[in-house]
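To start, the structure under review is shown below, and the notes come after it.
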Amino acid sequence: MLRGLMNLFSLCWKPFGPDGENHETNGVLGGGGGTTGGSREGKDGLLWFRDIGKYGSGEFSMAVVQANQVLEDQSQIESGQFGTFVGIYDGHGGPEAARYVCDHLFSNFRAITAESHGAVTAETIQRAFRQTEEGFTTLVSELWGSRPNMATVGTCCLVGVIYQQTLFIASLGDSRVVLGKKVGNTGGMAAMQLSTEHNANIEAIRHELKELHPNDPQIVVLKHGVWRVKGIIQVSRSIGDLYMKHAQYNREPINAKFRLPEPMNMPLLSANPTIISHPLHPSDSFLIFASDGLWEHLSNEKAVDIVHSHPRAGSAKRLVKAALQEAARKREMRYLDLQKIDKKVRRHFHDDITVIVLFFNHDLISRGAVQDPPVSIRSALEH
């Protein structure tokens, strides 16, 4: 149990690598000074950012803004000989599941791909997700006697992997990645959503849930204008949320609001990600990875237009600020006044928001260039 606790609450500055090698460009966003991928960290109130840096296939921009009392978003960029791995983990019910995934998903992915001599496939990514879910389940079991609430925390997971000239996207929950794609020689940029979202507010997801649970007329319930699985949770796929997957965790002493009135005879949520592969094309310009806090306020097209219409440096920060300005407008207040609101109270106006923008250098991609030294960036546990 002690080892599980140490892993869960480990600080986010540790380097990743097959042999735990020293990375010259390790870093923690919001966690202190230093450079990462040639980038410099900045801060603006509850907003932390790295305006521009280099990774194996081009440049990146990254930003996080906190709204909750405890930051529930976690994220990472890993780039080296294996390719590039990007992860955004939007936690709910607490930060523990997102932190656990940030600690373990990439290292599980690296260990599994090493078994296949470094080759990346949809199956290797799926195995990494499965292993991470199993590990978190073991941790929850170990802590059940002392911290039963761990069974009620979970996280969405959005992962992008660039391997050779192929992009893989794996998703659980409702974070989103959008591709900015050049439109011929017009100078225009089209927005193409690559990820699938698993949220009960989407009709196709409600249909999927009803097909999986044909004998449960209450599998999705509309409460206060929002569709939720069993009237409790919006997302239908996640890491964690074991109270909705295993009957042994849907009982006292967890909070009554999470307990189901009838026995659970099969998992109500899934940890099986939707995975797509996308051959990279010279017209593919950039990717915007973001937790749903961004997409609540910006359309795919608006986000792509913001990135396309401005210099690369500061792209992620610019997107976060555009979302905050829209959140302020919806509440008929000034952006400057929103900035003065502290975390926790800020959650009434917007969610934690994490954005990572990856820009493609197709010359590097076609040459199979390797990021050396490796880049490893993690968001901080707390801002």
Side-chain angles (χ1 to χ4, degrees), residues 72-75 86-102 104-105 108-109 122-137 140 150-161 168-177 193-214 216 218-221 226-247 249-250 258 260 264-277 289-293 295-296 351 354:
E72 293 185 339
D73 276 14
Q74 291 290 294
S75 54
V86 173
I88 289 185
Y89 318 117
D90 180 2
H92 46 260
E96 293 87 354
R99 292 179 183 179
Y100 182 91
V101 173
C102 204
H104 293 87
L105 181 56
N108 289 339
F109 166 78
E123 172 60 24
T124 57
I125 296 171
Q126 191 168 52
R127 284 179 59 198
F129 273 72
R130 188 183 312 128
Q131 193 168 315
T132 306
E133 170 82 350
E134 290 169 355
F136 188 71
T137 302
V140 170
M150 285 286 288
T152 66
V153 302
T155 187
C156 302
C157 299
L158 176 63
V159 166
V161 178
F168 292 90
I169 298 294
S171 59
L172 294 172
D174 54 10
S175 295
R176 184 185 304 174
V177 58
Q193 183 171 326
L194 298 181
S195 53
T196 298
E197 292 169 32
H198 310 109
N199 188 305
N201 280 301
I202 300 170
E203 186 176 357
I205 297 301
R206 295 198 298 276
H207 181 73
E208 176 183 83
L209 287 165
K210 289 173 182 177
E211 282 199 329
L212 290 169
H213 305 273
D216 186 353
Q218 298 293 307
I219 186 61
V220 286
V221 178
V226 178
W227 287 98
R228 298 177 185 272
V229 182
K230 302 299 289 184
I232 298 174
I233 186 170
Q234 286 182 249
V235 295
S236 62
R237 302 193 196 191
S238 66
I239 297 287
D241 295 310
L242 299 184
Y243 74 105
M244 294 288 276
K245 296 174 180 175
H246 304 285
Y249 300 116
N250 198 285
F258 297 119
L260 299 173
M264 187 193 314
N265 53 26
M266 66 179 291
L268 302 174
L269 303 188
S270 166
N272 186 33
T274 298
I275 303 175
I276 64 106
S277 62
F289 294 84
S291 53
D292 72 317
W295 308 112
E296 286 175 9
D351 199 355
T354 298

Contact summary for Ile239 and Ala271, nearest pair of heavy atoms: CD1-CB, 4.4 Å
I'd like to know if the side chain of Glu72 reaches the main chain of Gly94, judged simply by a donor and an acceptor atom lying under 3.5 Å from each other, with no hydrogens or angles considered. yes
Tell me, do Tyr243 and Val140 make a side-chain contact under 4.5 Å, heavy atoms counted? no
Determine yes or no for a side-chain-to-main-chain donor-acceptor pair under 3.5 angstrom, with Thr155 supplying the side chain and Asp90 the backbone. yes
Arg237 side chain to Asn272 backbone, donor-acceptor under 3.5 Å: yes
Straight-line distance of Lys230 NZ to Asp216 CG, nearest 0.5 Å: 3.5 Å
Is a donor on one side and an acceptor on the other found under 3.5 Å between the side chain of Lys245 and the backbone of Gly240? yes
Member of Asn199, Asp241, Leu268 meeting the side-chain contact (heavy atoms from CB on, under 4.5 Å) criterion with Ile233: Asp241
Side-chain heavy-atom pair Glu208, Val220 within 4.5 angstrom cut-off: no
Please lay out, stage by stage, how Met244 and Phe258 fare under the test side chain to side chain contact (heavy atoms under 4.5 Å, CB included). CA-CA 8 Å; Met244 294 288 276; Phe258 297 119; over 6 Å; no
Taking all non-hydrogen atoms of both residues into account, name the closest pair between Val153 and Gly93 and its distance. CG1-O, 3.2 Å
Check whether any side-chain N or O of Asn250 sits under 3.5 Å from a backbone N or O of Leu260 as a donor-acceptor pair, and report yes or no. yes
Is there a side chain to side chain contact (heavy atoms under 4.5 Å, CB included) between Val159 and Phe129 once you walk through the steps? CA-CA 10 Å; Val159 166; Phe129 273 72; 3.9 Å; yes
Is Cys157 close to Val101 at the side-chain level, that is, under 4.5 Å between some pair of heavy atoms? yes
Look at the side chain of Thr354 and the backbone N and O of Ser291, then say whether any donor-acceptor pair between them is shorter than 3.5 Å. no
Which heavy atom in Leu172 sits nearest to a heavy atom in Ser270, and how many Å separate them? CD2-O, 4.3 Å
What pair of heavy atoms forms the shortest contact from Ser195 to Ser175, and how long is it? OG-O, 3.9 Å
Exercise: identify the closest heavy-atom pair between Tyr89 and Ala98: O-CB, 3.7 Å
Using modelled atom types and a 3.5 Å cut-off, is there a donor and acceptor pairing between side-chain atoms of Ser171 and backbone atoms of Thr196? yes
Is it true that a side-chain atom of Arg206 and a backbone atom of Ala200 form a donor plus acceptor pair closer than 3.5 Å? yes
So which heavy atom on Gly160 is nearest to which on Ile169, and how close? CA-CD1, 3.9 Å
Check whether any side-chain heavy atom of Met150 lies under 4.5 Å from a side-chain heavy atom of Phe136, and answer yes or no. yes
Mark yes or no for whether His104, through its side chain, and Tyr100, through its backbone, hold a donor-acceptor pair below 3.5 Å. yes
Residues two or more places apart in sequence or in another chain: which of them pass side-chain hydrogen bond (donor to acceptor under 3.5 Å, both in side chains) with Gln234? none
Check against side chain to side chain contact (heavy atoms under 4.5 Å, CB included), Asp174 and Leu158: CA-CA 8 Å; Asp174 54 10; Leu158 176 63; over 6 Å; no
Decide side chain to side chain contact (heavy atoms under 4.5 Å, CB included) for Cys156 and Asp292; before the verdict, give the C-alpha distance in whole Å, the side-chain angles of both, and the deciding distance to 0.1 Å. CA-CA 10 Å; Cys156 302; Asp292 72 317; over 6 Å; no
